[in-house]
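Report on the following structure.
A note on names: the letters A, B, ... follow the listed sequences, proteins ahead of strands, and every chain is numbered from 1.
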Amino acid sequence: MSKMAEQETVEAKATVSPCWSCKGPVPRASLFCETCGAVQPPGPADHFERLGIPRGFAVDEETLSSRYFALQARLHPDRFAGKTAKERAASLAQATALNDAYRTLRDPVLRAAYLLRLRGAAAPTEESGTVDDPGLLMESLERREQLSSAETPDEVRSIGAAAESDARDCIAHLAAAFAADDLAEATRLTTRLKYLVKLGEEARARAARLREASPC
Amino acid sequence: MLIQLHEPGQSPVPHEGDERLAVGIDLGTTNSVVAISAGGKPEVIRDADGGALLPSVVAYLPDGTVLVGEEARRERLDNPERVVSSVKRLMGRGVGDVKKLAGVLPFEVAPAEPGESAMVRLKVTGRRLTPVEISAEILKTLKRQAETALGHEVSRAVVTVPAYFDDAARSATKDAARLAGLEVLRLVSEPTAAALAYGLDRGAEGLYAVFDLGGGTFDVSLLRLEKGVFQVLATGGDSALGGDDFDHAVAEHFLAERAADLGEQTLSPAEVASALGTARLAKECLSTQHEAGEWFIEAGGHATRHKLGRAALDALIGPFVERTATICRGVLEDARIAPSEVKGVVLVGGSTRVPLVRRKVAELFGQEPLADIDPDEVVALGAALQAEALTVGSDTLLLDVIPLSLGIETMGGIVEKIIPRNTPIPVAKAQEFTTYQDGQSAMMIHVVQGERELADENRSLARFELQGIPPMAAGAARIRVTFAIDADGLLTVSAEEKTTGVAQRVEVKPSYGLSEDDMARMLRDSLEHAQDDMLRRLLIESRVDARRAANAVAAALKADGDLLERGEREAISAALGHVEAVMKGEDRAAIETAVEALEQATLPFAERRMDRGIRKALAGHKLADFDAPQEAPQEETKDRAAR
């Protein structure tokens, strides 16, 4: 056989593997064996493939949720409670993989960081992020300062609202950056989004503490 | 009676799962309930007297007899030192966790022996017992009650636990069920079970809150319900807060009045238990019937009279009710939901009958809560529905979360969070570690649950000792430790050294749990037919696997039977027939051997099926190539020609 045909056979072999139950061919990353119906352990797939949604930063929340629920409805361990140990183990692994995918794609920050990783860009870290973006560092310090000197729940809430509004803008820009394949800009925006989300959370937590201290 | 409901997206050749009867059990602090469901209609299983609630009270008599329920309660009047109540509050707990009244515990504690975990052990009527064994007695009674009513063996159950129960308490519950001869199909959170019973998912999509205040535990869960999907968004609670604390406050008040009259006195544990009982009566009476009343405390030969009115009761229990409100606000915060967005609030647990509690909930959520299903029975009904769903099948999906953050203790006693609270389960997270000594072969990881910064301030779950690390230079090892939480909310730890691919042995030392050896010994001692039950279960499991194997071969023959010669096909059919025959019998070894023989007989068949599958994939691959422009089409044609 020629080298190219050999290569093709190797590739074909990699796309098909034996079902643990009936030992027949199962296409890569199939959820169930198409011959005997046995649930399979999760195959290699990225989060987008796993949930069956197109790869990209713009994700429709409704579609994401309904895909997730539809898949869990078939794969969750509750569907295999009376079955063999192997099936229970396979479904547990599948449900775990689904939860991992859903959690990552649902959260804009995690989704952005994941996409960057998929595209081969280095994940933004706390240090590298602010070093590359001194403007962000300044902004971060100023807003933190504002938050800690805010005294009333209303003040805190408005800082939080501003952070959340800026986060929404950032998400829109991120969508554009990814669409334009501008990974450098996407990396910078991901760092910024991370910090804005964190600030928003801190504001909420602070507002809650102030409210508990003096319930009205 | 049992209607077959198949799950959507079912496999083309479904095999019979294990469809033995399964019940739902609410193992409560004050009362326990068992229920069963058929056709989506759950019903509480009553005892011979028609009672639905079994008091979670266990009495150990000197002659060795164990009483559970009403009889144990009666025993408490005369011989309180022989009786244990509210044992749920001790599950997965140490002595330090248990509340004292007037500096005294309501029971006698037996100190832990060397090698034992810190789980609390009680001294009752000359016996040394763990909360697991005591809970098992309650479960055994419920099992018997169900079997009597149904006229059929009951060996499987869905058991509920407070959503806020940590791993130790959940494991303890599962262990208690094992000791009682029950296989736990799933541990379900009490608020989720209640939501299931209310069938709230049948209406339009919405956000619901379940406020569950029992005798000893408090849970509040926020769920998103949508046509068959019950998705927990956030959960919070306090596994040491409940009606018992109300009783405690009232008892303390009475004892303070008594001390003012008679001077300070030391009470025996039995007298303490009795005072708590009186306080409970007062609370119940004021909650349901009267505005004010009078009660007596008798101890050391002196009886004192105590008056109490509703307003005074509210003042005593106010701080506890306020705490539940604070926790509710925290959970709403976690889920990023405003109270106004909540479509309905469900009340669960006997303590929600207290008027102050109801007022507080209505105030917090700005609406009257739903309480049409008996708050004492609703959890068991939900558990029964889930038991039916797991055995017969259903369209509902329960997606729960981990209630407490999971972390590991690092240098300086700081906690590093691995899995944050409210993460949907099942979930797995991996973390890499390395060694700090040359040739280090073992490593210890201390896992804790909770939200605090320091390990000491959280609940210690267990110490996991990883053994069998291959000898390497310090810092060279890449040990990937995976923390996996299953659908019951229980943690499993596994480890693998990545550069060599060697998996480590993991030895678990639970901080507040029973070791496998403890369990094995207790199983031997406790169940009359422990051995028989286990063998029976193994037999059923082997039949289920045999059914799977037979169906798989049948499906394979249907799809690819043309790959076989007549003789080969007959040989396989014979092996298949043999499996079918032994399955009907009781010989587990014969069943397993027959399945093994079937696998062997179909090996060459399987190879041919794989070849065919690969050739198909290859052909598909080539077809796809023709659709898109090729980089070097010339070379490809040349190659084909050469072959």
Side-chain angles (χ1 to χ4, degrees), chain A residues 1-5 8-9 11-19 21-28 31-39 65 68-70 72-87 91-93 95-97 99-100 102-103 204-205 207-208 211-212 215, chain B residues 7-15 17-19 185-186 226 228-229 231 326 329-330 333 389-391 393 395 397-399 423-428 484 486-487 541 544-545 548-549 551-553 555-556 559-560 602-603 606 609-610 612-618 621-622 635-636 639 642-643:
Chain A
M1 218 199 280
S2 76
K3 215 167 186 173
M4 193 154 297
E8 283 165 348
T9 311
E11 279 164 17
K13 273 200 179 121
T15 67
V16 153
S17 47
C19 166
S21 186
C22 74
K23 313 291 190 274
V26 173
R28 187 188 95 127
L31 302 176
F32 296 91
C33 172
E34 55 193 17
T35 309
C36 75
V39 63
S65 289
Y68 168 70
F69 291 145
Q72 281 289 21
R74 300 169 67 198
L75 294 167
H76 193 273
D78 283 356
R79 296 285 183 259
F80 300 90
K83 306 272 170 91
T84 63
K86 262 216 119 126
E87 286 163 289
S91 89
L92 180 60
T96 302
N99 277 333
D100 195 20
Y102 185 52
R103 190 176 53 248
R204 283 175 155 261
R211 218 177 22 243
E212 288 302 323
Chain B
E7 53 267 50
Q10 78 180 57
S11 39
V13 188
H15 69 80
D18 190 344
E19 285 168 11
L185 290 172
R186 177 75 66 241
E226 178 197 329
V229 179
Q231 185 190 26
T326 305
R329 284 192 287 268
E333 202 31 67
L390 296 182
T391 47
D395 289 345
L397 185 61
L398 298 189
L399 299 171
T423 301
I425 55 175
V427 60
D486 64 17
E541 276 170 16
V544 172
D545 190 51
R548 172 207 58 81
N551 285 3
V553 170
D560 296 314
T602 51
L603 272 179
R609 293 180 59 214
M610 281 305 293
R612 173 181 264 177
I614 289 168
R615 267 182 279 121
K616 252 199 214 149
L618 200 59
H621 182 76
K622 284 194 166 88
E635 281 178 310
E636 197 161 79
D639 265 61
R643 244 184 300 124

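Only the side chain of B:Ala559 comes within contact range of chain A, with at least one heavy atom under 4.5 Å from a heavy atom of that chain. No part of A:Ser91 comes within reach of chain B, as not one of its non-hydrogen atoms sits under 4.5 angstrom from that chain. Within the 4.5 angstrom heavy-atom criterion, atoms from both the backbone and the side chain of A:Ala95 approach chain B. Contact annotation for B:Thr602: neither backbone nor side-chain heavy atoms come within less than 4.5 Å of a heavy atom of chain A.
In terms of modelled atom types and a separation under 3.5 Å, the side chain of B:Arg609 and the main chain of A:Cys22 share a donor-acceptor contact.
Rounded to the nearest 0.5 Å, atoms CD1 (B:Ile425) and CG (A:Asn99) are 8.5 Å apart. Between the CD atom in B:Glu226 and the CZ atom in A:Phe69 there is a gap of 5.5 Å [rounded to 0.5 Å].
Between B:Leu399 and A:Tyr102, the closest side-chain pair of non-hydrogen atoms is not below 4.5 Å. For the pair A:Gln72 and B:Val229, the minimum side-chain heavy-atom distance is 4.5 Å or more.
Interface summary for chain B: among A:His76, A:Lys23, A:Arg204, the most heavy-atom pairs under 4.5 angstrom belong to A:Arg204. Contacts with chain A were tallied for B:Ala606, B:Gly613, B:Pro426; B:Pro426 has the most, counting heavy-atom pairs under 4.5 Å.
Contact between B:Leu397 and A:Ala73 at its shortest, heavy atoms only, is CD2-N, 3.8 Å. Here the closest heavy-atom approach between residue A:Val16 and residue B:Ala617 is recorded as CG2-CB, 3.9 Å. The two atoms that bring A:Cys36 and B:Ala555 nearest to each other are CA-CB, 3.8 Å, heavy atoms only.
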The test is side chain to side chain contact (heavy atoms under 4.5 Å, CB included); show your working for A:Glu87 and B:Arg548 and say whether it passes.
CA-CA 10 Å; A:Glu87 286 163 289; B:Arg548 172 207 58 81; 4.2 Å; yes
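Checked against salt bridge (charged side-chain N to carboxylate O under 4.0 Å, His left out), B:Arg612 has the following partners two or more places apart in sequence or in another chain: B:Asp560, B:Asp562. Judged as a side chain to side chain donor-acceptor pair (under 3.5 Å), and not counting sequence neighbours, the contacts of A:Asp100 are A:Arg103.
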